[in-house]
Amino acid sequence: MLKAAVIGASGYTGAELAGLIQAHPHLSLAGLYVSESSQDAHKPFSSLYPRWRGVIEQPILPLDDEALSRIHTEADIVLLATTHEVSHDLAAGFLEKGLPVFDLSGAFRVPGEGFYEKFYGFSHQYGDWLGKAAYGLAEWNQEAIKAAQLIAVPGCYPTASLTALKPLQAAGFIADNTKPIISAVSGVTGAGRKASLATSFCEVSFKPYGVLSHRHQPEISHHLDNGVVFQPHLGNFARGILATIYVELKEGVTDEQISNAYHQAYDGQKIVRITDQWPEINDVAGTPFCDLHWAREGNLLIVVSAIDNLLKGAASQAIQCINIHQGFSPVAGLVQE
Ligand SMILES: NC(=O)C1=CN([C@@H]2O[C@H](COP(=O)(O)OP(=O)(O)OC[C@H]3O[C@@H](n4cnc5c(N)ncnc54)[C@H](OP(=O)(O)O)[C@@H]3O)[C@@H](O)[C@H]2O)C=CC1
Ligand SMILES: CC(=O)N[C@@H](CCC(=O)OP(=O)(O)O)C(=O)O
């Protein structure tokens with residue numbers, strides 16, 4: 001068994017990771033960690049997440065110096081389910097000890113001068129690691145994921161969007177000088193577990209946010225190698241993302257060609273399902289799947305993509321990356337084979 005330490009284990013994605021790791025045939029938990037000053041330090045994991053009562057009883061520990069040296073000596077891999085700044089600060093310490101790191105934050109996803117200052121509000125101090133990180137879009141970057149020591153697991157909206165758009169881009173079907181338009185809605189867990197007024201029960205309705213300024217627009221554009229317009233919305237449900245994407249196709253692209261592009265990309269890849277009906281949040285929430293369906297009229301293609309933001313958008317995609325990195329079945333611990 002490969003021993004995996006989870007940092008940020010009291011958060012929403014960290015908790016999903018803990019659940020997936022304890023149920024995985026080749027992974028075991030090598031510790032659950034929070035910040036040194038966390039109010040959750042030393043609490044049993046199951047007291048925060050009673051759905052794992054009797055399954056994961058171990059305490060969540062503060063990430064102090066003793067914990068760091070325990071991870072260095074006892075863990076085989078490290079998962080960072082922490083904010084961008086915390087992942088940025090912590091990753092290099094583990095990498096320099098030789099440990100593979102799977103980071104769920106945005107800290108190592110997009111290389112480029114000035115990108116982190118502009119979109120994340122901090123100056124990146126680890127350009128070497130940023131340059132060496134593999135982008136963990138599991139169905140597309142398998143060779144890079146296998147070879148890298150640092151895997152930057154994509155954001156939730158980028159996962160939903162890129163999974164829908166990459167087959168069209170790879171086939172050369174997107175009309176020149178056009179930007180696909182992505183209108184997406186996320187459940188409130190997308191904002192993390194920390195209390196805030198904007199995500200409190202009585203405040204949440206259904207609204208756009210991050211208009212023309214969300215950091216996932218450049219992340220999607222960079223990894224698609226094509227500009228996009230991206231508009232996120234906060235929905236009044238707990239988990240899931242539904243992205244409706246409008247694409248202008250090149251003249252003459254046929255339904256058969258589109259169908260072939262999607263089937264070539266995803267047949268045999270069990271996590272992405274090309275469905276014969278429009279995807280719904282309820283069909284993917286609590287699962288590692290991404291559901292896709294499309295329709296075309298003339299040169300306009302509409303493709304809809306649905307995922308669970310905490311799973312395919314974060315924790316289960318991280319497990320896919322570990323599986324690929326370690327040479328396990330890519331869907332081990334996620335889907336019955
Ligand atoms: N939620 C989502 O849908 C998605 C989130 N992500 C990304 O994944 C990361 C985690 O997100 P999410 O689970 O939602 O976040 P949460 O806010 O729910 O959890 C953050 C976790 O990090 C811990 N933490 C904070 N500071 C430190 C520190 N210095 N050392 C160790 N642990 C620390 C927190 O505990 P404490 O503060 O008590 O120490 C908590 O356990 C973020 O970067 C997010 O952007 C990516 C895709 C989807
Ligand atoms: C609803 C909500 O607030 N969602 C988050 C996206 C979470 C995500 O994908 O994470 P990364 O920050 O790791 O990219 C947001 O828009 O910031």
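First listed ligand is number 1; within each ligand, the first listed atom is number 1.
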Student: Mind telling me whether H325 and F102 have parallel, tilted or perpendicular rings, with 30° and 60° as the class edges?
Tutor: perpendicular
Student: How far is atom 38 (O) of ligand 1 from its nearest protein heavy atom, and which residue and atom is that?
Tutor: S38 OG, 2.6 Å
Student: Indicate yes or no: does an N/O atom of H214 lie under 3.5 Å from an N/O atom of ligand 2?
Tutor: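 Yes; the residue has a nitrogen or oxygen that sits under 3.5 Å from a nitrogen or oxygen of the ligand.
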Student: Suppose we measure from atom 8 (C) of ligand 2 to each protein heavy atom; which comes out shortest, and what is that distance?
Tutor: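 I find the closest protein heavy atom is C156 SG, 3.2 Å.
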Student: Distance alone, cut at 3.5 Å: any donor-acceptor contact between the side chains of E219 and Y135?
Tutor: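 A pair is found: one side chain offers a donor N or O, the other an acceptor, under 3.5 Å apart.
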Student: Determine yes or no for a side-chain-to-main-chain donor-acceptor pair under 3.5 angstrom, with Y33 supplying the side chain and D64 the backbone.
Tutor: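 Flag not set: sc Y33 to bb D64 has no pair under 3.5 Å.
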Student: Tell me: protein heavy atom nearest atom 15 (O) of ligand 1, and distance?
Tutor: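 Closest protein heavy atom to atom 15 (O) of ligand 1: G192 CA, 4.1 Å.
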Student: Can you tell me which residue and heavy atom of the protein come closest to atom 8 (O) of ligand 1, and the distance to 0.1 Å?
Tutor: L104 O, 3.5 Å
Student: Identify the closest protein heavy atom to atom 37 (O) of ligand 1: which residue and atom is it, and at what distance?
Tutor: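 I find the closest protein heavy atom is S35 OG, 4.1 Å.
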Student: Relative to the heavy atoms of G155, which atoms of ligand 2 are at a distance of less than 4.0 Å?
Tutor: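 So the answer, numbered in order with elements, is 9 (O), 14 (O).
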Student: Checking a contact table here: which protein heavy atom is nearest atom 19 (O) of ligand 1, and how many Å away?
Tutor: G11 CA, 3.2 Å
Student: Flag S105 as yes when one of its N or O atoms lies below 3.5 Å from any N or O atom of ligand 2, and as no otherwise.
Tutor: no
Student: Could you tell me whether L234 approaches ligand 2 through its side chain, its backbone, both or neither, with non-hydrogen atoms closer than 4.0 Å?
Tutor: side chain
Student: Under 3.5 Å between any N/O of Q39 and any N/O of ligand 1: does that happen in this structure?
Tutor: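 Between Q39 and ligand 1, no N or O pair is found under 3.5 Å apart.
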Student: Checking S221 against Q217: is there a side-chain donor and acceptor pair closer than 3.5 Å?
Tutor: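 A pair is found: one side chain offers a donor N or O, the other an acceptor, under 3.5 Å apart.
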Student: Does any N or O in the side chain of R109 come within less than 3.5 Å of the main-chain N or O of V153, such that one atom is a donor and the other an acceptor?
Tutor: yes
Student: How about D103 and S87: does a side-chain donor come under 3.5 Å of a side-chain acceptor?
Tutor: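 Short answer, yes.
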Student: Check the angle between the aromatic planes of Y209 and H214 and answer parallel, tilted or perpendicular using the 30° and 60° thresholds.
Tutor: perpendicular
Student: With heavy-atom distances below 4.0 Å as the criterion, list the atoms of ligand 2 near L104.
Tutor: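 Under 4.0 Å from L104, ligand 2 has these atoms: 13 (O).
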Student: Using 30° and 60° as the class boundaries, would you call the ring planes of H216 and F230 parallel, tilted or perpendicular?
Tutor: tilted
Student: Does even one non-hydrogen atom of N309 get within less than 4.0 Å of ligand 2?
Tutor: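 No, N309 has no heavy atom closer than 4.0 Å to ligand 2.
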Student: Give yes if a backbone or side-chain nitrogen or oxygen of S10 is under 3.5 Å from a nitrogen or oxygen of ligand 1, and no if not.
Tutor: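 Looking only at distances, the answer is yes, because the N/O contact criterion of under 3.5 Å is met.
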Student: For ligand 2, which atoms sit closer than 4.0 Å to a heavy atom of H84?
Tutor: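 It comes down to these atoms of ligand 2: 11 (P), 12 (O), 13 (O).
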Student: Atom 2 (C) of ligand 2: which protein heavy atom is closest, and how many Å away?
Tutor: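 Closest protein heavy atom to atom 2 (C) of ligand 2: Y209 OH, 3.2 Å.
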Student: If we check ring-ring contact (aromatic ring centres under 6.0 Å, His included) with Y116, which of these qualifies: Y126, F122, F108?
Tutor: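 Considering Y126, F122, F108, a ring-ring contact (aromatic ring centres under 6.0 Å, His included) with Y116 is found only for F122.
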Student: Protein heavy atoms: any of them under 4.0 Å from atom 44 (C) of ligand 1?
Tutor: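 Looking at atom 44 (C) of ligand 1, one finds that no protein heavy atom lies closer than 4.0 Å.
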Student: How about L2 and H26: do any of their side-chain heavy atoms sit closer than 4.5 Å?
Tutor: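 Not touching, per the 4.5 Å side-chain cut-off.
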Student: Among all protein heavy atoms in this structure, tell me which lies nearest to atom 13 (O) of ligand 2, with the distance rounded to 0.1 Å.
Tutor: R109 NH2, 2.7 Å
Student: Quick one: nearest non-hydrogen protein atom to atom 4 (C) of ligand 1, plus distance?
Tutor: T13 CG2, 3.7 Å
Student: Provide, to 0.1 Å, the distance between atom 42 (C) of ligand 1 and the closest protein heavy atom, together with that atom's residue and name.
Tutor: T82 O, 3.2 Å
Student: Looking at atom 4 (N) of ligand 2, what's its closest protein heavy atom, distance included?
Tutor: G190 O, 3.2 Å
Student: Answer whether the closest heavy-atom distance between the side chains of S161 and S305 falls below 4.5 Å.
Tutor: no
Student: How does T189 reach ligand 1, by side chain, by backbone, by both or by neither, if only non-hydrogen atoms under 4.0 Å count?
Tutor: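 Within the 4.0 Å criterion, T189 contacts ligand 1 through backbone atoms alone.
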Student: Do you know the tightest heavy-atom contact between P44 and S47?
Tutor: O-OG, 2.7 Å
Student: Is there a polar contact, in the sense of an N or O pair closer than 3.5 Å, between S186 and ligand 2?
Tutor: no
Student: Answer yes or no: is there an ion pair linking E256 with R296, defined by an N-O contact shorter than 4.0 Å?
Tutor: no
Student: Flag Y120 as yes when one of its N or O atoms lies below 3.5 Å from any N or O atom of ligand 2, and as no otherwise.
Tutor: no
Student: List every atom of ligand 1 that sits less than 4.0 Å from any heavy atom of H84, numbering the atoms from 1 in the order shown and giving each element.
Tutor: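 What qualifies from ligand 1 is 43 (O), 45 (O).
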Student: Return the closest protein heavy atom for atom 12 (O) of ligand 2 as residue, atom name and distance.
Tutor: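 Heavy-atom neighbour on the protein nearest atom 12 (O) of ligand 2: R215 NH2, 2.3 Å.
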Student: Once the angle between the rings of F115 and Y120 is folded into 0 to 90°, is it parallel (under 30°), tilted (30 to 60°) or perpendicular (over 60°)?
Tutor: tilted
Student: Applying the side-chain contact (heavy atoms from CB on, under 4.5 Å) test to V228, which of I181, L165, I174 qualifies?
Tutor: L165
Student: Where does N309 meet ligand 1, judged by heavy-atom distances below 4.0 Å: at the side chain, the backbone, both, or neither?
Tutor: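 Both backbone and side chain.
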Student: Relative to each other, are the rings of W294 and Y262 parallel, tilted or perpendicular (30° and 60° limits)?
Tutor: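 Parallel.
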Student: What protein heavy atom lies closest to atom 14 (O) of ligand 2? Include the residue and the distance to one decimal.
Tutor: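 Closest protein heavy atom to atom 14 (O) of ligand 2: H216 NE2, 2.4 Å.
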Student: Which atoms of ligand 2 sit under 4.0 Å from any heavy atom of G187?
Tutor: 1 (C)
Student: Looking only at distances, please establish whether an N/O atom of ligand 1 is found under 3.5 Å from an N/O atom of L90.
Tutor: no
Student: Looking only at protein heavy atoms, identify the closest one to atom 17 (O) of ligand 1 and say how far it is in Å.
Tutor: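 For this ligand atom, the closest protein heavy atom is R193 N, 3.6 Å.
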Student: Need the ligand 1 atom indices (1-based, order shown) with element for anything under 4.0 Å from a heavy-atom of Y12.
Tutor: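 Answer for ligand 1: 13 (O), 18 (O).
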Student: Rounded to the nearest 0.5 Å, how far apart are NZ of K270 and CG of L334?
Tutor: 11.5 Å
Student: Is ligand 2 less than 4.0 angstrom away from at least one heavy atom of G192?
Tutor: no
Student: Do I71 and V34 belong to the same hydrophobic cluster, where Ile, Leu, Val, Met, Phe, Trp and Tyr are linked whenever their side-chain heavy atoms lie under 4.5 Å apart, directly or via other members?
Tutor: no
Student: Taking all heavy atoms of L17 and all of A315, pick out the closest pair and write down the distance.
Tutor: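 So the minimum-distance heavy-atom pair works out to CD2-O, 3.6 Å.
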